[in-house]
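The block underneath contains the structure these notes are about, expressed in structure tokens.
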Amino acid sequence: MKRIEVAELLSNEDKYIDQPVKLSGWVKAFRNNQFIALSDGTTMKTIQVVVNNESIDESLIKRIGFHACIQIMGTVKKSLGKGQSIEIVADNVLILGDNDLGTYPLQPKRQTLEFLREQAHFRMRTNTMSAVFRIRHAMAFAVHNYFNSNGYHYLHSPIITGSDAEGAGEMFRVTTLDAKQPPLTDDGKVDFSEDFFGKATNLTVSGQLQAEIGALALGKVYTFGPTFRAENSNTTRHLSEFWMIEPEMAFFDIHDNMDLAENFLQSIIKYVLENCKDELEVLDARIIETEKNMKKELRRPMGLIESLEFVTSHEFERITYTEALQIIMNSKPYKKKKFEYMVTWGDDLHSEHERYLVEKHFKKPVIVRDYPKSIKAFYMRENEGTEPDKKTVAAMDILFPGIGEVVGGSQREERLDKLVERMEEVGIEPAEMQWYLDLRKFGGCPHSGFGLGFERIVQYVTGMGNIRDVIPFPRAPKTAEF
RNA sequence: GCCUCUUUAGCUCAGUUGGUUAGAGCGCCGGACUGUUAAUCCGUAGGUCCUUGGUUCGAGCCCAAGAAGAGGCGCCA
């Protein structure tokens with residue numbers, strides 16, 4: 001007999017009533033020596049299996065324990081109990097994998113996320129983590145689906161890069177040289193000309209520059225792949241290895257760019273709302289349970305599903321950096337000196353300021369644009385007509401409640417002279433990036449793009465507090481287990 | 001990298017002013033149970049009190065150093 005999957009069985013109950021079936025899965029609960037809640041991973045839901053101790057050997061029944069793996073042969077019947085409409089009356093149980101509960105770390109009860117993080121090889125078996133990783137999958141699919149159906153081409157940017165001018169953070173070196181005795185040049189430095197690639201190479205910190213190459217040929221492209229930062233960041237929203245989505249579009253100005261980012265974010269959140277209802281309910285319930293004993297002002301202002309619906313049905317607020325600064329400086333907490341950092345024009349906004357804008361002032365996602373030139377990257381396009389001492393660039397950040405910056409993007413500087421000038425200002429040798437300058441020299445055009453941290457948006461959608469709980473095997477400083 | 005907090009049974013945590021044999025709930029194990037929904041009921045076992053050093057007649061508790069974890073900040077996505 002062919003094995004049937006639980007998802008198929010539960011979505012076509014009538015079809016299988018009174019039919020013999022075979023199915024395999026893991027025991028989520030075994031009640032009253034009689035009722036098994038069985039999951040095979042095809043759905044969040046479990047199917048109830050009834051074992052009759054007249055037909056099933058007692059020694060076998062003793063081996064039906066939490067998370068043991070079993071195969072069932074039986075008949076689908078209308079359930080006699082409440083809580084489920086069908087169940088399987090088992091004729092035969094086969095143990096596929098015993099579970100030694102004396103030494104198994106998981107327990108059929110709520111466990112802390114910190115403990116589960118140390119059990120990464122088991123944590124996907126829990127309801128919470130199962131829901132998170134199902135949603136992560138759905139969102140990855142939604143990303144490709146969105147871009148594909150809107151005429152974008154998926155561009156695979158390199159993971160190993162020889163470019164060291166991307167300026168997005170500390171990099172991980174890729175080398176095959178002997179760590180103890182590397183070849184040295186005459187002045188005593190490591191001689192990378194003898195390295196595998198004949199030059200110093202690193203893991204990528206961004207696929208943006210390569211995406212620009214794609215955009216200037218294919219029109220609209222996006223990258224979606226692993227990205228690496230060797231920063232010693234110890235926070236709930238940073239990883240050393242994370243997945244980044246970077247669309248890049250020819251002929252888009254900063255406003256087209258913001259329209260795309262907003263529409264894209266709302267679309268993938270909508271996709272989860274429509275396709276991951278069970279998963280969201282599990283996570284929503286967990287948050288309510290966690291916050292039950294918390295003070296009211298520390299609880300989330302909205303339920304998880306409610307807040308996702310809110311974000312997809314309300315436009316993001318759009319303001320300039322200068323306007324944002326005004327709002328902060330005129331705010332009550334700023335005047336009462338409740339903020340740790342003061343601000344003047346030209347300073348970057350601190351987390352506390354961004355949080356105020358998003359969580360207190362507007363109470364929804366905010367897009368801040370036109371940042372001071374001095375605090376932004378060399379490739380961002382300088383705005384025209386700004387005061388000489390208050391020059392800005394066409395950059396934009398999207399800030400979300402709870403997690404801060406999820407998107408950072410800009411219109412790129414397409415004017416060759418301006419770009420060279422800027423590179424010299426910040427100390428990047430133009431000759432090192434000839435190919436990048438060539439894009440301006442030979443048939444360049446206005447273009448824009450942004451980078452979106454995939455885990456950040458998964459974090460927002462799942463409501464998980466720590467980014468290490470939304471990637472299966474987190475990589476962070478001092479953390480590379482599994 | 002900086003700041004704060006935490007570390008006691010498999011898990012989550014109590015542990016009074018430094019004082020004899022370190023406790024609970026859940027889980028595990030054993031038993032009961034044929035309509036349960038995180039089943040329920042009864043019983044047993046289970047400890048390098050993170051590590052090292054110090055103070056003290058005596059340290060889970062005080063001091064110092066280290067380790068691991070969490071949260072906040074900075075850097076960013």
Side-chain angles (χ1 to χ4, degrees), chain A residues 28-37 45-56 61-62 65-67 77 79-84 87 89 99-119 126-127 166-170 205-208 226-246 261 285 289 298 339-341 348-355 375-377 397-400 403-409 450-460 465-469 471 476-479 481:
Chain A
K28 295 290 181 178
F30 187 36
R31 294 181 282 266
N32 208 8
N33 248 352
Q34 195 184 175
F35 301 102
I36 301 167
K45 295 197 182 86
T46 56
I47 178 90
Q48 173 153 291
V49 177
V50 186
V51 292
N52 185 324
N53 66 5
E54 284 159 20
S55 60
I56 311 292
I61 285 181
K62 282 198 182 303
F66 181 60
H67 283 185
K77 293 284 181 192
S79 180
L80 300 175
K82 289 172 186 167
Q84 60 281 316
E87 61 194 17
V89 179
N99 195 15
D100 175 16
L101 294 174
T103 52
Y104 187 54
L106 299 194
Q107 295 172 19
K109 64 165 190 176
R110 189 185 174 81
Q111 295 191 275
T112 62
L113 297 170
E114 291 78 18
F115 175 71
L116 291 174
R117 222 169 279 155
E118 293 168 3
Q119 310 291 335
T126 66
N127 277 343
E166 290 163 18
E170 288 297 313
V205 292
S206 164
Q208 180 204 310
T227 310
F228 308 86
R229 303 271 167 94
E231 301 284 348
N232 191 11
S233 298
N234 295 290
T235 78
T236 53
R237 39 183 200 285
H238 288 86
L239 289 166
S240 307
E241 177 182 297
F242 64 101
W243 286 63
M244 189 151 66
I245 298 154
E246 294 177 287
E289 179 68 26
L298 292 175
F339 286 128
E340 192 182 338
Y341 295 94
D348 209 349
L349 301 176
H350 285 270
S351 295
E352 56 177 352
H353 306 131
E354 295 179 347
R355 290 186 86 108
I375 58 171
K376 288 292 182 181
D397 285 354
I398 303 186
L399 312 174
F400 262 51
I403 46 173
E405 189 179 338
V406 291
V407 164
F450 62 83
L452 181 148
F454 184 56
E455 283 76 15
R456 294 244 175 115
I457 198 67
V458 177
Q459 215 185 336
Y460 180 73
N466 193 315
I467 201 165
R468 298 178 191 200
D469 296 328
I471 187 166
K478 300 276 186 295
T479 305
E481 293 301 307

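This one's a predicted model, so the numbers in the text were calculated from it and none came from an experiment. Proteins come first, then strands; the chains are lettered A, B, ... in the order of their sequence lines, and each starts at number 1.
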Scan [X] against the nucleic acid and name what it touches under 4.0 Å (heavy atoms): base, sugar-phosphate only, or nothing.
{"X": "A/N466", "answer": "sugar-phosphate"}
{"X": "A/E455", "answer": "nothing"}
{"X": "A/E340", "answer": "nothing"}
{"X": "A/I245", "answer": "nothing"}
{"X": "A/T112", "answer": "sugar-phosphate"}
{"X": "A/T227", "answer": "nothing"}
{"X": "A/F400", "answer": "nothing"}
{"X": "A/E87", "answer": "base"}

Apply the test side-chain contact (heavy atoms from CB on, under 4.5 Å) to residues A/T126 and A/L116: give CA-CA distance (whole Å), side-chain angles for both, the deciding distance (0.1 Å), then the verdict. CA-CA 9 Å; A/T126 66; A/L116 291 174; 3.9 Å; yes
Would you please classify the geometry between the A/Y104 ring and the A/H67 ring as parallel, tilted or perpendicular, with 30° and 60° separating the classes?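 The rings of A/H67 and A/Y104 stand perpendicular, inter-plane angle above 60°.
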A/T479 versus A/R117: any side-chain heavy-atom pair under 4.5 Å?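 Counting from C-beta outward, A/T479 and A/R117 never come under 4.5 Å.
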[X] has an atom [atom1]; how far is it from atom [atom2] of [N], in whole Å?
{"X": "A/N232", "N": "B/G72", "atom1": "CG", "atom2": "P", "result": "16 Å"}
{"X": "A/N99", "N": "B/G10", "atom1": "CG", "atom2": "P", "result": "18 Å"}
{"X": "A/L101", "N": "B/C11", "atom1": "CG", "atom2": "P", "result": "15 Å"}
{"X": "A/E241", "N": "B/A77", "atom1": "CD", "atom2": "C1'", "result": "14 Å"}

Check: [X] side chain, [N] base, donor-acceptor under 3.5 Å:
{"X": "A/E352", "N": "B/G72", "answer": "no"}
{"X": "A/Q107", "N": "B/G10", "answer": "yes"}
{"X": "A/S233", "N": "B/C75", "answer": "yes"}

Hey, where does RNA chain B pair up into stems, meaning at least three consecutive Watson-Crick or G-U pairs with distances under 3.5 Å?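 Expected stems, ordered by start: B:1-7 with B:67-73, B:10-13 with B:23-26, B:29-32 with B:40-43, B:50-54 with B:62-66.
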Residues two or more places apart in sequence or in another chain: which of them pass side chain to side chain contact (heavy atoms under 4.5 Å, CB included) with A/I56? A/V51, A/L60, A/I61, A/V93
Has A/T235 got a side-chain N or O lying under 4.0 Å from the OP1 or OP2 atom of B/C75? no
Check every atom of B/C33, B/G35, B/C75 against the side chain of A/N33 and return the nucleotide holding the closest atom.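 Per side-chain heavy atoms of A/N33, the pick is B/C33.
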Just wondering, do A/F242 and B/A77 stack (centres under 5.5 Å, planes under 30°)?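 Yes; by the centre-distance and plane-angle rule, A/F242 counts as stacking on B/A77.
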Specify the residue among A/G451 and A/F66 whose closest nucleotide of RNA chain B lies further upstream toward the 5′ end.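 Its nearest nucleotide lies further toward 5', so the answer is A/F66.
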